[in-house]
Every structure is written in C-alpha cells, then in structure tokens.
Amino acid sequence: MKKLLCILLLSLFFTGLKAQEAIYSGSDDKLTYKVTVEKYADEVNDRFNEYYALEITNTSDEQLTFTPVFNFRINQGAIKNTASRDQDQSITLAPGQTLKGDYKELRKLVLFKQFLVGKSGKKASETMQTLESISINY
C-alpha cells in the first residue's frame with residue numbers, strides 16, 4: 001500500500017513538472033525564448049483557462065527593443081497573429097534581462113490557449129487557440 005501511494009505521489013509530482021516544460025523555444029544572436037503553458041484561475045467569476053506564456057532573455061550586450069508576435073491557429077482552422085493588436089506590444093530589455101508573460105501583469109507576452117471547466121462543471125466557451133510559432137520583430 002505504501003509503495004502504491006509513493007508511486008502515485010511521484011507520478012503526480014513529475015506530471016506537474018512536465019506541465020512547466022517549454023512547448024516551443026528558439027533563439028537568435030540577440031535573444032533566447034521559450035513558451036510554457038500556464039493556468040489562470042478566477043474563482044469569483046468561475047473562469048479558468050490556460051495560456052501560453054513567453055519567457056524571453058536578452059543575450060546581447062546592448063539594450064533591445066522588439067515586438068514578439070504569436071502566430072496561432074484558432075479552432076475554426078484560420079491562422080492569425082498578434083501583430084494587429086491595438087495597444088503597443090514593444091518590449092525593451094537590458095542586457096541579460098529576462099521577462100516572462102503573466103496573465104494578470106504582463107499580457108504582452110501572453111496568448112490565450114483555452115478555457116477549462118470551472119466549478120460549475122462548464123467551460124466559459126469552446127474557443128481555443130493553438131500556438132504555431134513566435135516571430136521577433138526588431
């Protein structure tokens with residue numbers, strides 16, 4: 001029984017670690033980046049979702065200003081990107097600086113993925129976006 005419990009706990013632990021693995025990564029001579037899938041919970045409004053979080057590091061010796069562009073497919077199959085967002089999407093990083101997208105704090109580095117089932121047993125919507133690639137515009 002103890003072995004079974006230990007195996008169960010270890011499998012849950014390693015499953016949790018896998019959830020934070022990069023699903024997409026890349027680099028050029030100035031930046032390295034990776035994308036992970038994160039979860040967001042708004043229990044008051046019964047809204048639960050997953051989102052893609054971009055973590056990006058300036059590997060150059062100079063300050064960089066750039067715009068990350070998420071290229072993605074919506075559940076109807078059309079390919080879209082975030083280049084047409086209304087607000088300024090540019091990011092400035094000092095040499096060696098790293099930023100990671102956050103659903104509440106740093107939305108420039110975030111792309112919605114999908115709603116999850118809430119406490120009510122329902123999803124807020126069946127909308128889903130699948131990340132295809134990341135482009136960096138300097």
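Thr57 contributes no side-chain N or O that, together with a main-chain N or O of Thr59, makes up a donor-acceptor pair within less than 3.5 Å. A donor-acceptor pair is defined here as one N or O able to donate and one able to accept, closer than 3.5 Å; such a pair exists between the side chain of Asn58 and the backbone of Ala94.
Between the OG atom of Ser125 and the CG atom of Asn49 there is a distance of 11.0 Å, given to the nearest 0.5 Å. Rounding to the nearest 0.5 angstrom, the gap separating the CG atom in Leu99 from the CD atom in Glu105 is 12.5 Å. To the nearest 0.5 Å, atoms CG (Asp102) and CD (Glu55) are separated by 12.0 Å. To the nearest 0.5 Å, atom CG of residue Leu93 and atom NZ of residue Lys30 are 12.5 Å apart. Between Gln89 atom CD and Ile91 atom CD1 the span is 7.5 Å, to the nearest 0.5 Å. Put simply, NZ on Lys108 and OG1 on Thr82 are 12.0 Å apart, with the number rounded to the nearest 0.5 Å.
Listed by first then second residue, pairs satisfying ring pair (Phe, Tyr, Trp, His ring centres under 6.0 Å) with a partner in residues 80-102 number zero, not counting sequence neighbours. Applying the side chain to side chain donor-acceptor pair (under 3.5 Å) test to residues at least two apart or on different chains, the pairs with a partner in residues 114-124 are Glu43-Lys119, Asp46-Ser120, Glu50-Gln114. Sorted by first then second residue, the ring pair (Phe, Tyr, Trp, His ring centres under 6.0 Å) pairs that include residues 60-116, not counting sequence neighbours, are Tyr40-Tyr103, Tyr51-Tyr103, Phe112-Phe115.
Judged as a side-chain hydrogen bond (donor to acceptor under 3.5 Å, both in side chains), and not counting sequence neighbours, the contacts of Asn45 are Asp42. Here Gln63 pairs with Thr92 under the side chain to side chain contact (heavy atoms under 4.5 Å, CB included) rule; sequence neighbours left out. Residues that satisfy the side chain to side chain contact (heavy atoms under 4.5 Å, CB included) test with Ser84, not counting sequence neighbours, are absent from this structure.
Hydrophobic clustering keeps Val110 apart from Ile23 (ILVMFWY residues linked when any side-chain heavy atoms are closer than 4.5 Å, directly or through intermediates). The same ILVMFWY cluster, assembled from side-chain heavy atoms under 4.5 Å apart, contains both Leu64 and Leu106. Linking ILVMFWY side-chain heavy atoms closer than 4.5 Å, directly or via other members, places Leu31 and Leu131 in a single hydrophobic cluster. The cluster map of Ile, Leu, Val, Met, Phe, Trp and Tyr, joined by side-chain heavy atoms under 4.5 Å apart, puts Tyr24 and Leu109 in the same cluster.
Inter-residue side-chain proximity for Ile74 and Lys80 is flagged as met; some heavy-atom pair is nearer than 4.5 Å. Residues Ile56 and Ile136 are in side-chain contact: their nearest non-hydrogen atoms beyond the backbone lie under 4.5 Å apart. In this structure, the side chains of Gln129 and Leu111 come closer than 4.5 Å at one or more pairs of heavy atoms.
The number of heavy atoms from other shown groups lying within 6.0 Å of CG (Asn137) is above 12.
Across all their heavy atoms, Thr65 and Ser90 have their closest contact at CG2-CB, 4.2 Å. Closest of all the heavy-atom pairs between Pro95 and Ser60 is CB-O, 3.5 Å. Here the shortest heavy-atom pairing between Leu54 and Pro68 reads CD2-CB, 3.7 Å.
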Ile134/Tyr52 under side chain to side chain contact (heavy atoms under 4.5 Å, CB included): CA gap, chis, key distance, verdict
CA-CA 11 Å; Ile134 301 282; Tyr52 299 102; over 6 Å; no
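A donor-acceptor contact closer than 3.5 angstrom is absent between the side chains of Ser27 and Thr32. For the residue pair Ser133 / Asn71, a side-chain donor-acceptor distance below 3.5 Å is found, with atom types taken as modelled.
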